[in-house]
Amino acid sequence: MKNPTIDDEETVFSWGCRGGPDGSSVAFNHGAHPTFGAFGHWGAPDIGWDGDEEADIWTYIACTKDGNEIRVYTNGILSASESPITLSTHPLADDGTTPLPFVVGNQNDGNGAISDPLSGSMSIAVVRVWEQALDNLAIAENYNLDAPTFGRPTFVPGADDDNYGLADDYELATFGNLDQTGDGDLDEDGLTNAEEASNGTDPSLADTDNDGASDKAEVDAGTDPLSPTSVPVTPIDLLVELQASALDEGALATWANTGTLTGDLTASSDPTVETISGAKGVTLDGEGDWFVGPTTTPDIEGASGRSITAWIYNPAVAVEETVVSWGRRGGPEGTNMWFNHGTHHAFGAVGHWGNGPDIGWDPSTSADDAVTGGGQKEEGTWTHIAYTQDGATTWVYINGVLTKADERINLNTHAGLSVIVGSQWEGDGARPIRHWLALSALVLCASTMGLFQTVTSPLGSMMRRQPMDVLQD
Amino acid sequence: MLVYFSVGLVRVYNNAISDDDVVSAYDEHASAYGRSPIIGPPFVALDSRGFPGTGSITAWTNIGSLGGSFEAIGDPQIEDVDGVLAVTLDGVGDWLVGPTAPDSVTGSRSKHG
């Protein structure tokens, strides 16, 4: 049959009658409805084509009831099955005397009449009906019988007749043609088509279960590529870690980085180690105090994922106060990376430059900081702030609680500049800014500050929470 | 002489059985023994490719074992569709009504279309 446009239910061949009780009808359809687009017998469960229905092309369709199972086939290949199915196909209309005929293109009503709503709009060339159930092989043979006439390729079930390294019926069912090879990689996920077949993954989808990890990554990691809840655990690399707790009080010229990014941070002016509210921190006075550290790596440049956590003590929160940054100011869009503790509704938490996904701390803010409570600021108390970016979404947290998220993404962080604590690079990258931001006395890193690379992956909460777990150590 | 074989199923009847009975006995467990069931000819077989040409159709002869024909309701047309003569139903009052469905495919019996 050839169906120019596919409605929910278009009858190809039927007998019995509609109206029940359950199982009273046999309606073989070519429709798009997921529940009864292929076969309806009145009352659940019916069956659809599972997306295999094709419009405006000669198509071989088949349906067989074998025991209590219904199977439907497209072009000789099994499309879907359903069981248990109990049929009670009516031989007579509701009056108990009117025999019910076979019908091409419509269905009998309970009173034996045939009405229009379910009539098929299609061309039909061949119809065959058996009184026995046909198995997969018989269906394939029946398909092969006429396939060339209708422009469809024949195949040998289970065989690789074209010597392409894949069973022909698998090729037809999966790709719709016999053009793919076993060592090819249609979805370019790193698994060959043959490996996809053996793993049961979809060779046309790089991430069959849509969990953010490619089929190849899942197979390599030993996780289930067909389960969205089974994902590889990607290690988090702690690039920069600055600890204040073990520092001696007084001026601090160099702050040792215990992260994997090589290089310590060098002070500008006179940052001072102090004990505030029982915890040590490095105080930046807002008048030229900052630290310049190691150069960034591609892990946190461009559009790569990244995360930052920090404990801070900010005695008076201004509009924008930089905690840590890299990249540089001046654009183009998304080229800077600065993590703030400020009140500004649009970029009080994170700025990336331009109209990219900047974000403030207050989930209720949309315009005026004064109206919305000053960006959910916390002054004069130790506060834990966190930022994470997975390449698609920005999240910010206060004291371990997600406060705001933004799905806009336009990151292209400039490469090759040093990480700075307490300031940002000017647009020329030659020096940190001095007067652009009025840094108040900002105490950083009472216990731990971590700059994390987050692998670009929507692994969701696990990835977002891991830095927090590290922090709690 | 040494006879070596395995037996999967034995049935002994008290009388002669028909060809159909033998086929039914075979089909009943064919798949369990890796065999395909014996499929007889379809009792409904409609094939438009043998029509002499395009145009209106009043009946479509069933060349299957059940015989009879399917009478046209509305105005189904025989058309050349991509080089194949086919019966086109327009979805508005077109269908064909055939012979009464026999007992073998009503009730709860297996069937295929």
Side-chain angles (χ1 to χ4, degrees), chain A residues 1-2 7 10-16 23 26 28 39 57-58 61-68 86-92 99-108 114 116 119-139 141-142 146 149-151, chain B residues 23-24 27 30-31 35-49 51 60 62-66 68 70-74 76-79 81-113:
Chain A
M1 46 72 60
K2 179 180 178 180
D7 293 335
E10 293 189 64
T11 310
V12 178
F13 195 88
S14 74
W15 65 95
V26 167
F28 183 41
F39 178 86
I57 184 171
W58 279 111
I61 57 175
C63 171
T64 190
K65 178 180 181 287
D66 191 354
N68 66 353
T86 301
L87 296 188
S88 180
T89 312
H90 279 198
L92 302 172
L100 293 169
F102 290 119
V103 182
V104 174
N106 213 328
Q107 302 177 35
N108 297 307
I114 302 173
D116 201 37
S119 59
S121 175
M122 62 184 71
S123 295
I124 300 171
V126 179
V127 176
R128 299 188 181 104
V129 182
W130 287 265
E131 57 185 347
Q132 300 155 288
L134 273 61
D135 63 10
N136 294 353
L137 180 60
I139 295 284
E141 289 173 344
N142 191 250
D146 298 312
T149 301
F150 297 99
Chain B
V23 170
S24 294
D27 283 347
S31 60
R35 297 284 187 175
S36 294
I38 295 172
I39 303 299
F43 59 72
V44 173
L46 303 173
D47 193 334
S48 61
R49 293 172 295 180
F51 283 121
W60 197 354
N62 174 26
I63 56 176
S65 60
L66 189 62
F70 285 69
E71 304 303 318
I73 306 297
Q77 297 289 311
I78 302 169
E79 295 179 338
V81 181
D82 299 338
V84 179
L85 287 177
V87 175
T88 295
L89 312 173
D90 65 6
V92 185
D94 286 356
W95 57 81
L96 298 102
V97 179
T100 299
D103 291 346
S104 60
V105 291
T106 57
S108 60
R109 294 172 179 83
S110 294
K111 56 211 70 179
H112 163 81

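Because the structure is predicted, anything quoted here is derived from the model rather than measured.
Listed here is the closest heavy atom pair of B:Gly93 and A:Ser119: N-OG, 4.5 Å. The shortest non-hydrogen separation linking B:Trp60 to A:Ala125 is CZ2-O, 3.6 Å. Between A:Phe150 and B:Val84, the shortest heavy-atom contact is CE2-CG1, 3.5 Å.
Interface remark: B:Phe70 contributes side-chain atoms only to the contact with chain A (heavy atom separation under 4.5 Å). Contacts of A:Ile57 with chain B are absent, with no heavy-atom separation under 4.5 Å from either backbone or side chain. Residue contact with chain B, scored on non-hydrogen atoms closer than 4.5 Å, involves the backbone of A:Leu100 exclusively. Heavy atoms closer than 4.5 Å to chain A are found in the backbone of B:Pro41, but not in its side chain.
The choice from B:Leu89, B:Thr88, B:Val81 that makes the most heavy-atom pairs within less than 4.5 Å of chain A is B:Leu89. Here B:Pro42 is the residue among B:Ser65, B:Pro42, B:Gly98 with the most heavy-atom pairs under 4.5 Å with chain A. Contact count versus chain B (heavy atoms, under 4.5 Å) is highest, among A:Gly151, A:Gly23, A:Pro91, for A:Pro91.
Between the CE atom of A:Met122 and the CG atom of B:Asp94 there is a distance of 12.0 Å, given to the nearest 0.5 Å. Put simply, CD1 on B:Ile78 and OG on A:Ser123 are 11.5 Å apart, with the number rounded to the nearest 0.5 Å. Note: B:Trp95 CH2 to A:Ile124 CD1 = 13.5 Å, rounded to the nearest 0.5 Å.
Looking only at side-chain heavy atoms (C-beta outward), A:Ile114 and B:Ile73 stay at 4.5 Å or farther from each other. You'll find the side chain of B:Arg49 reaches within 4.5 Å of the side chain of A:Asp146, heavy atoms only. Looking at B:Pro102 and A:Phe102, their side chains come closer than 4.5 Å, going by heavy atoms from C-beta outward.
Of the possible polar contacts, none joining the A:Thr89 side chain to the B:Thr106 backbone as a donor-acceptor pair under 3.5 Å is found.
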